[in-house]
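Right, one structure below, let's go through it.
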Amino acid sequence: MIGIIDYAMGNLRSVQKAFEHVGAQAVILSSATQVSDVDKLVLPGVGAFADGMSHLRSGGWVEAIRGYIGGGKPFLGICLGLELLFDGSQEDAGDGELVEGLGVLPGPVVRFSNDAPDGSRLKVPHMGWNTIEWQRDDPLLRGLSQGDAVYFVHSYYAQPTVTDQAPVISATADYGIQFCASVWRENVWATQFHPEKSQRVGLNILRNFVSI
Amino acid sequence: MLTHRIIPCLDVNAGRVVKGVHFVDLKDAGDPVEIARQYDKAGADELVFLDITASHENRDIMLEVVRSVAEQCFMPFTVGGGIRTIDDVTRLVQAGAEKVSINTAAVVNPDIVQQTSRRFGRCATVVNIDPKRVVRDGKTVFEVYTHGGRRATGLNAVDWAKRVVQLGAGEIVLTSMDADGTQNGYDLEMTAAVAEAVDVPVVASGGCGCPEHIRQVLTQTKADAALAASIFHYDQYTIEQAKQYLQEHGIPVRLAA
């Protein structure tokens, strides 16, 4: 049974239905105590980082999520759900500061610059189907081809701190710069894109998560 | 690499898909959920549903449509038309709309753009702008119209686009009232002016009659995506044919495997 965290950050039905479409059972969890009932946990979400954290805190989800991940069961973050896993985000933060995140993965979440390194102007939000290149043999991305396109809609992206012992990035995408499209460390997976909106490729990814 | 989106637009009246020529003479083209499912299979990059239902009582039907589409189609879609208040926005998002598109209400009450953006994020906040070419003092200007092209606002499209981005819009759908329904091509000059002026994605709309029109608007302006209706609805071209054509002309698109 897959549990989808309901922390008042957008509609969760499409994520639930997408899991059901690939043959999994998925329930929406309204209380943090329910995480012990599920074999896999999903943190979806759209909206602002600070709102997301504040809803996670008030619902008692912060400790529940950390405990769940610590227990070694598979966890999947989607979009804002990826960003929240990191140390903090520049979104709505003061200059040089970060709004604190879950701190499960190391590094900040930063905003796309409108100025690309090659001097061109970039539209932000980054919106649409972008090709991804996987960097490791990640079980979540199995069956994908290099250059498959997935659906993104976001203005911020994670910059995982590179450490020797544990790689974090599993796939990158190019939008003026190379940025982190998905992460995998031990039992934690997350995608900056929306697999539940990415048609065939996205459903393949969700199917992979189900069979992990 | 980010690909250019090709977006079929579905006009929905009382739960049924219709397509207007210059927003009149409506023709029934079917069941929105069924059509959405077909476009999902055909490889459309996104769908736009425009609720053109006049009576307020019938608006709940649209929520039902949105709910069904969200549960059966695993692709992005935007819902617009008739949104007046933040409560309308909230109901659509709760029904499963990923982005909502605000048109007349943004002009009447710009606060709604700000509220939507604050509550659901810039990424979910789309503003529709419907300009018409008008001649003032011997000069052509792009004047914003509301109420389905019936009411002039006095606003200049470029200035208005900049303003709604300041208010929190994350995307602009720009529909030329002159070109809409003609199938003679997008208004390239107007699209270029608006897409150059803002740093959020712009979806070109109105006038698409063939894949070449899409090529023109994606190469001659900074539009990020192209919206079309009739050419896809009436099977003049499939999405795949349009994308093949664009790819052959060096435009990055997502082709179904």
Side-chain angles (χ1 to χ4, degrees), chain A residues 9-18 20-22 45-49 51-52 79-80 91-92 112-115 120-133 144-145 147-156 173-176 194-204 206, chain B residues 1-7 39-46 66-78 90 92-99 117-126 165 169-172 195-196 198-203 222-225 252-257:
Chain A
M9 294 301 281
N11 184 288
L12 311 173
R13 289 282 285 165
S14 54
V15 176
Q16 185 186 27
K17 283 283 164 185
E20 287 173 5
H21 191 79
V22 299
V46 293
F49 190 96
D51 291 348
C79 197
L80 179 64
E91 188 174 359
D92 298 324
F112 278 112
S113 167
N114 287 111
D115 299 301
S120 62
R121 294 289 288 170
L122 284 180
K123 305 288 183 81
V124 181
H126 170 237
M127 202 183 273
W129 295 79
N130 203 323
T131 55
I132 56 169
E133 304 287 330
L144 268 69
S145 305
D148 270 345
V150 288
Y151 183 73
F152 290 87
V153 50
H154 62 129
S155 302
Y156 295 80
D174 186 340
Y175 191 55
H194 288 272
E196 81 282 11
K197 299 271 176 192
S198 295
Q199 295 175 333
R200 181 189 57 83
V201 175
L203 293 174
N204 185 2
L206 296 182
Chain B
M1 182 182 25
L2 185 63
T3 58
H4 288 287
R5 283 170 286 156
I6 308 301
I7 307 173
Y39 276 129
D40 189 2
K41 279 201 201 112
D45 295 314
E46 189 171 325
V66 171
R67 229 169 264 134
S68 307
V69 171
E71 291 180 359
Q72 295 180 49
C73 299
F74 305 107
M75 64 185 297
F77 68 97
T78 303
T90 304
L92 285 168
V93 170
Q94 281 170 352
E98 176 210 334
K99 296 189 271 185
S117 191
R118 263 200 210 127
R119 191 175 302 177
F120 300 106
R122 188 178 278 275
C123 290
T125 311
V126 182
V165 171
E171 181 167 70
I172 288 169
E196 185 67 44
V198 294
D199 280 331
V200 301
V202 170
V203 181
K222 287 196 172 167
D224 302 88
V253 288
R254 182 183 63 111
L255 289 171

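In the text below, chain A, chain B and the rest are named by the order of the sequence lines, each starting its count at 1.
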If we only count heavy atoms from C-beta on, is the [X] to [Y] side-chain gap below 4.5 Å?
X	Y	value
B:K41	A:R200	no
B:V200	A:P125	yes
B:R67	A:R13	no

> Under the side-chain hydrogen bond (donor to acceptor under 3.5 Å, both in side chains) test, which residues partner B:E98, sequence neighbours left out?
Replying inline: A:Y151
At what distance, to the nearest 0.5 angstrom, does [atom1] of [X] lie from [atom2] of [Y]?
X	Y	atom1	atom2	result
A:K17	B:C73	NZ	SG	12.5 Å
A:E20	B:E71	CD	CD	8.5 Å
A:S198	B:F74	OG	CZ	12.0 Å
B:C123	A:Y156	SG	OH	9.5 Å
A:S155	B:R122	OG	CZ	7.0 Å

With a 4.5 angstrom heavy-atom cut-off, could you sort out which part of [X] is near chain B: side chain, backbone, both or neither?
X	answer
A:A18	both
A:H194	neither
A:L122	backbone

> If every non-hydrogen atom of B:D45 is compared with every non-hydrogen atom of A:W129, which pair is closest and at what distance?
Replying inline: O-NE1, 2.7 Å
> Nearest heavy-atom pair of B:L2 and A:G128: which atoms, and what distance?
Replying inline: CD1-C, 3.8 Å
>> Between A:T131 (side chain only) and B:M1 (backbone N and O only), is there a donor and an acceptor less than 3.5 Å apart?
In response: yes
>> I'd like to know if the side chain of A:K123 and the backbone of B:K222 have a donor-acceptor N/O pair within less than 3.5 Å.
In response: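 Judged by distance alone, yes, a pair lies under 3.5 Å.
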Which portion of [X] sits near chain A, non-hydrogen atoms under 4.5 angstrom:
X	answer
B:A169	neither
B:A97	neither
B:V253	neither

>> Out of B:G121, B:A225, B:G170, B:A70, return the one with the most heavy atom pairs under 4.5 angstrom to chain A.
In response: B:G170
>> Looking at chain A, which one of B:P76, B:A195, B:G43, B:P201 has the largest number of heavy-atom pairs inside 4.5 Å, strictly under?
In response: B:P76
>> If you count heavy-atom pairs within less than 4.5 Å of chain B, which of A:D174, A:V124, A:L80, A:I132 leads?
In response: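 Answer, by heavy-atom pair count under 4.5 Å with chain B: A:V124.
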>> Assess the residue pair B:Q72 and A:H21 against the criterion (side chain to side chain contact (heavy atoms under 4.5 Å, CB included)); give the C-alpha distance rounded to whole Å, side-chain angles, the decisive distance to 0.1 Å, and a yes or no.
In response: CA-CA 9 Å; B:Q72 295 180 49; A:H21 191 79; over 6 Å; no
>> Assess, by modelled atom type and distance only, whether the side chains of B:R254 and A:Q199 contain a donor and an acceptor separated by less than 3.5 Å.
In response: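 Judged by distance alone, the side chains do pair up.
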